[in-house]
Amino acid sequence: NEVVEGDESAKYNRTYGGEFQYISEDGKFSSSARAHLAETPDKLGANEYLSLGGGYNSSKFYAGVTGERVGEKYVNDLGFIPRLYNYDAENDTTIRIGHYAINPWFGLLIRPKSKINLIEVNTWSVLNYRTKGDFLERSTSVNLSISFKNTSEFFIEMFNTDTDVPLPCDIIDSDVPLPADRYVFTQFTGRYSSDRRKAFSGDASFTSGNFYNGTRMEFGGSMNWRIQPWGNFGVSYLQNEIKLPGEFGSASFVLIGPRA
């Protein structure tokens, strides 16, 4: 791991590489490969980004997997690299951690002859490991979505996270950061969207479950009113309630978004 103090010594940053993509003639099979290098005046090693993936799609199912390697010193100012930069809330420093990421997915597509247009059963995971092989994090989703012929939709999901937090972290702007430890927690989500063809439509969602060493509940919805020929007018509401034990605190976040 390397302690980063804003990378002030880097007076320039160059990123270069190549990418390859293949799609079969029938469109069912696809694959991709990427290789990038990032260069700074420090001439750092372990400065590579590598990616390889492939997938298959048909009318009944789909499946695929991607794999990535991000070097510890892959300093790329052109974009955000997930999990590379890790903030130490106790020592007010940022540490880069090189890692592997593996992302498999699989889904079934069912088209019943009824008011239901499509039933989709899906699962996916993202697994992260340090370049030295140590476990970092796994996220897994198992979900079901139902699309009706009237354009309304219903979605349920179980989302499980297993994370080995490498540094003390402050996830809710508390005075006491969570300790570096391994946390396993599961959350459940339900969401419904009404018929979007109607002048008045909306959606509602609810999520509840564990969150690190505490709990989290999220609920919200939106309403949309289509007034012809003037346009669409709506408002959305989202609230998060996070409760951590004891000195780690709690937080409530509310987001209201009007739109026109």
Within the 3.5 Å criterion, strictly below it, is a donor on Thr151 or Asp195 matched to an acceptor on the partner's side chain?
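Checked: Thr151/Asp195 side chains pair up, N/O donor to acceptor below 3.5 Å.
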Looking only at side chains, do Thr189 and Thr207 share a donor and an acceptor under 3.5 Å apart?
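Per modelled atom types, Thr189 and Thr207 side chains form a pair under 3.5 Å.
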Same cluster or not: [X] versus [Y], using hydrophobic residues (I, L, V, M, F, W, Y) connected whenever any side-chain heavy atoms lie under 4.5 Å apart?
{"X": "Val70", "Y": "Tyr85", "result": "yes"}
{"X": "Phe135", "Y": "Ile97", "result": "no"}
{"X": "Phe200", "Y": "Val235", "result": "yes"}
{"X": "Leu167", "Y": "Leu178", "result": "no"}

Can you find a heavy atom in the side chain of [X] that is under 4.5 Å from one in the side chain of [Y]?
{"X": "Phe185", "Y": "Asn160", "answer": "no"}
{"X": "Gln187", "Y": "Met158", "answer": "no"}
{"X": "Arg138", "Y": "Tyr129", "answer": "no"}
{"X": "Phe233", "Y": "Arg226", "answer": "no"}
{"X": "Phe106", "Y": "Phe61", "answer": "yes"}
{"X": "Thr94", "Y": "Asn86", "answer": "no"}
{"X": "Asp181", "Y": "Val165", "answer": "no"}
{"X": "Thr131", "Y": "Arg69", "answer": "yes"}

For Phe188 and Phe206, I'd like to know if the aromatic rings sit close, meaning centre-to-centre distance below 6.0 Å.
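No, they do not, as the ring centres are separated by 6.0 Å or more.
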Should the pair Tyr212 and Tyr183 be assigned to parallel (<30°), tilted (30 to 60°) or perpendicular (>60°) ring geometry?
perpendicular
Measure the acute angle between the ring planes of Trp124 and Phe159, then classify it against the limits of 30° and 60° as parallel, tilted or perpendicular.
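Trp124 vs Phe159 ring planes: tilted.
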CG on Asn128 to OG on Ser125, rounded to 0.5 Å
11.0 Å
Please round to the nearest 0.5 Å and tell me the distance separating atom OG of Ser205 and atom CG of Leu238.
6.5 Å
Nearest non-hydrogen partners of [X] and [Y], listed with the distance:
{"X": "Glu39", "Y": "Tyr16", "answer": "OE1-OH, 3.2 Å"}
{"X": "Ser252", "Y": "Glu241", "answer": "OG-OE2, 2.7 Å"}
{"X": "Ala35", "Y": "Leu50", "answer": "CB-CD2, 3.8 Å"}
{"X": "Ser59", "Y": "Arg111", "answer": "O-NH1, 2.6 Å"}
{"X": "Gly249", "Y": "Ser174", "answer": "N-OG, 4.4 Å"}
{"X": "Ala89", "Y": "Pro177", "answer": "CB-CB, 3.8 Å"}

Donor-acceptor contact below 3.5 Å, side chain [X] vs main chain [Y]:
{"X": "Ser24", "Y": "Phe29", "answer": "yes"}
{"X": "Thr163", "Y": "Glu137", "answer": "no"}
{"X": "Asn91", "Y": "Thr93", "answer": "no"}

Residue Trp225 excluded, over 12 heavy atoms near CH2 under 6.0 Å:
no
Look at atom CD1 of Ile23 and say whether more than 12 heavy atoms of other residues, nucleotides or ligands are closer to it than 6.0 Å.
no
Is [X] salt-bridged to [Y], going by a charged N under 4.0 Å from an acidic O?
{"X": "Asp162", "Y": "Arg182", "result": "yes"}
{"X": "Glu72", "Y": "Arg96", "result": "no"}
{"X": "Arg216", "Y": "Glu218", "result": "yes"}
{"X": "Asp134", "Y": "Lys132", "result": "no"}

I would like to know whether Ser201 and Ser194 meet side-chain contact (heavy atoms from CB on, under 4.5 Å); could you show each step before the answer?
CA-CA 6 Å; Ser201 62; Ser194 67; 3.6 Å; yes
